Amino acid sequence: MPARPPEPTIASLRDAPGDGTGDGDTLALYWTFYWAVAEAQFARWLPRRPSRVLDVSGGQGHSATQATAAGHSVIEVLDPGLGQSGKGGEAGKGGGPGRIRGAGKARQAGGVRAAGMIREAGGGRPAGHAARVIADSGSLTFLNDQCVDAVVAENRVLSRHLVTESTVAEIARVLRPGGRVLLSVDSLTLGMALLAEQNCWAHLSDVPSAEVVLVPWPDGTITRCFWADQLRELLTEVGLEVEWIRPRTVLSPSTVEHVLKTSPQAMPRLVRTELNAPPGDESLGIHLLASARRTP
């Protein structure tokens with residue numbers, strides 16, 4: 001019998017490649033599905049009217065590009081302290097770095113498209129403006145209070161800011177009353193599986209009673225993992241009203257890989273299934289996705 005391919009490790013679920021098609025990626029089909037779901041979820045979440053959007057996701061995802069194409073003015077923060085390589089695509093060439101109010105402590109990234117229309121958005125609406133700045137995404141001191149309509153903190157960025165309380169407080173500070181934040185974090189389901197894979201049984205037994213759970217990856221980096229209740233409390237304490245918390249994907253990587261290997265044309269159906277899944281167990285999934293609104 002042919003040798004069975006090795007099962008993907010939990011550690012392989014840390015960094016989702018931008019397109020899910022990297023060489024040697026044993027979960028390439030799952031990551032393609034993952035990003036298709038993320039794009040659809042973000043499209044549903046975005047404000048319906050042109051707004052000012054702050055993206056602190058680190059430049060690895062597609063949220064800044066997607067928000068700009070939908071007609072919003074976007075400030076994308078690239079944080080050197082997070083060690084991101086900016087897989088989300090290069091900023092367009094040409095166009096000066098538009099002035100960002102209160103951005104005196106931030107450094108403008110090269111190749112910023114901050115003025116002029118980039119391309120036509122869906123429905124014939126012109127695309128918005130985009131600017132990239134290099135700054136500390138955990139403090140946001142370069143922005144004034146109540147200066148943005150929406151904040152995006154995707155790609156587990158809040159799990160990499162280990163003092164997440166401070167970062168979330170800054171997000172609440174820069175949001176206008178009624179403004180919203182969309183964020184994703186590593187779940188404790190992922191954290192416990194990672195501890196088990198590394199045979200950290202003593203640490204695993206402490207997880208249920210721990211207020212803060214920091215989990216090491218095999219390479220020594222640390223991630224902060226959350227139960228849904230912990231995430232809800234974190235957001236509520238800084239004056240944010242939680243609209244919903246759900247797993248990024250309810251369908252497991254193994255299920256998605258099996259279905260798409262058997263029937264590659266099933267991708268749109270899988271994405272629709274994920275989007276239409278009724279609210280259920282918030283502990284499922286490797287990443288939690290949450291939406292919250294700043295109260296007046």
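Keep in mind it's a predicted model, so treat the numbers as computed, not measured.
Connection of Val152 to Trp244 is established within a shared hydrophobic cluster, with ILVMFWY side chains joined at heavy-atom distances below 4.5 Å, either directly or through further cluster members. Side-chain heavy atoms closer than 4.5 Å link hydrophobic residues (I, L, V, M, F, W, Y) into clusters, and following such links, possibly through other members, connects Leu29 to Trp35. Hydrophobic clustering (ILVMFWY, side-chain heavy atoms < 4.5 Å, transitive): Val259 and Tyr30 are in one cluster. One hydrophobic cluster holds both Leu275 and Leu260 under the rule that ILVMFWY side chains link at heavy-atom gaps under 4.5 Å. Put simply, Trp217 and Ile222 are part of two different groups of oily side chains (I, L, V, M, F, W, Y) that touch within less than 4.5 Å, one to the next.
Side-chain atoms of Thr164 and Val185, non-hydrogen and from C-beta on, never get closer than 4.5 Å to each other. Counting only heavy atoms from C-beta outward, the side chains of Arg294 and Val181 never approach each other to under 4.5 Å. Counting only heavy atoms from C-beta outward, the side chains of Thr167 and Val56 never approach each other to under 4.5 Å. With contacts defined as side-chain heavy-atom distances shorter than 4.5 Å, the pair Leu194/Asp186 does not qualify. At least one side-chain heavy atom of Leu240 sits under 4.5 Å from a side-chain heavy atom of Leu175. Side-chain contact between Phe226 and Leu158 is absent, with no heavy atoms from C-beta onward closer than 4.5 Å. Side-chain contact between Pro216 and Leu195 is present, with heavy atoms from C-beta onward closer than 4.5 Å.
A donor-acceptor contact shorter than 3.5 Å links the side chain of Thr236 to the backbone of Arg232. Counting only distance, with no hydrogens or angles, the side chain of Asp136 and the backbone of Gly138 share a donor-acceptor pair below 3.5 Å. Without hydrogens or angle criteria, Ser159 side chain to Cys225 main chain gives no donor-acceptor distance under 3.5 Å. Side-chain atoms of Ser187 do not come within 3.5 Å of backbone N or O of Leu288 as any donor-acceptor pair. Judged purely by atom type and a 3.5 angstrom limit, His62 has no side-chain atom pairing as donor or acceptor with the backbone of Ala38. Within the 3.5 Å criterion, the main-chain N or O of Leu143 finds a donor-acceptor partner in the side chain of Arg173. Between the side chain of Ser51 and the main chain of His72, no donor-acceptor pair closer than 3.5 Å is present. Remark: side-chain polar atoms of Gln146 are not paired, donor with acceptor, to backbone N or O of Pro177 under 3.5 angstrom.
Separating the CD1 atom in Ile171 from the CG atom in Leu54 is a distance of 7.5 Å, to the nearest 0.5 Å. Glu154 CD to Gln41 CD: the interatomic distance, rounded to the nearest 0.5 Å, is 8.0 Å. Thr68 OG1 to Asp55 CG: the interatomic distance, rounded to the nearest 0.5 Å, is 9.0 Å. Here the OG1-CD distance, from Thr262 to Glu257, works out to 10.5 Å after rounding to the nearest 0.5 Å. A distance of 4.5 Å separates CD1 in Ile245 from CG in Leu231, rounded to the nearest 0.5 Å. Interatomic distance, Arg160 CZ to Asp79 CG, rounded to the nearest 0.5 Å: 9.0 Å.
A salt bridge links Arg132 with Glu76: the closest approach of a Lys/Arg side-chain nitrogen to an acidic carboxylate oxygen falls below 4.0 angstrom.
When the shell of 6.0 Å around CD of Glu241 is examined, it contains 12 or fewer heavy atoms from other residues, nucleotides or ligands.
Applying the salt bridge (Lys or Arg N to Asp or Glu O under 4.0 Å) criterion to Asp149, with sequence neighbours excluded, gives Arg176. Take Arg180 and apply the salt bridge (Lys or Arg N to Asp or Glu O under 4.0 Å) test, not counting sequence neighbours, and it matches Glu243. By the side chain to side chain contact (heavy atoms under 4.5 Å, CB included) test, Glu165 pairs with Val163, Arg224, Leu234, sequence neighbours left out.
Nearest heavy atoms, Ser137 versus Val77: CB-CG1, 4.0 Å. Pairing each heavy atom of Ala150 with each of Trp45, the nearest pair is CB-CH2, 3.8 Å. In plain terms, the two heavy atoms of Pro253 and Leu27 that are nearest each other are CB-CD2, 4.2 Å. In terms of heavy-atom proximity, Pro80 sits nearest to Ala135 at CD-O, 4.0 Å. In plain terms, the two heavy atoms of Phe33 and Thr249 that are nearest each other are CE2-CG2, 3.8 Å. Across all their heavy atoms, Ala290 and Leu235 have their closest contact at CB-CD1, 4.3 Å.
Glu274 pairs with exactly one of Arg269, Arg44, Arg246, Arg248 by the salt bridge (Lys or Arg N to Asp or Glu O under 4.0 Å) rule, that one being Arg246.
A centroid separation of less than 6.0 Å is found between the aromatic rings of Tyr34 and His287.
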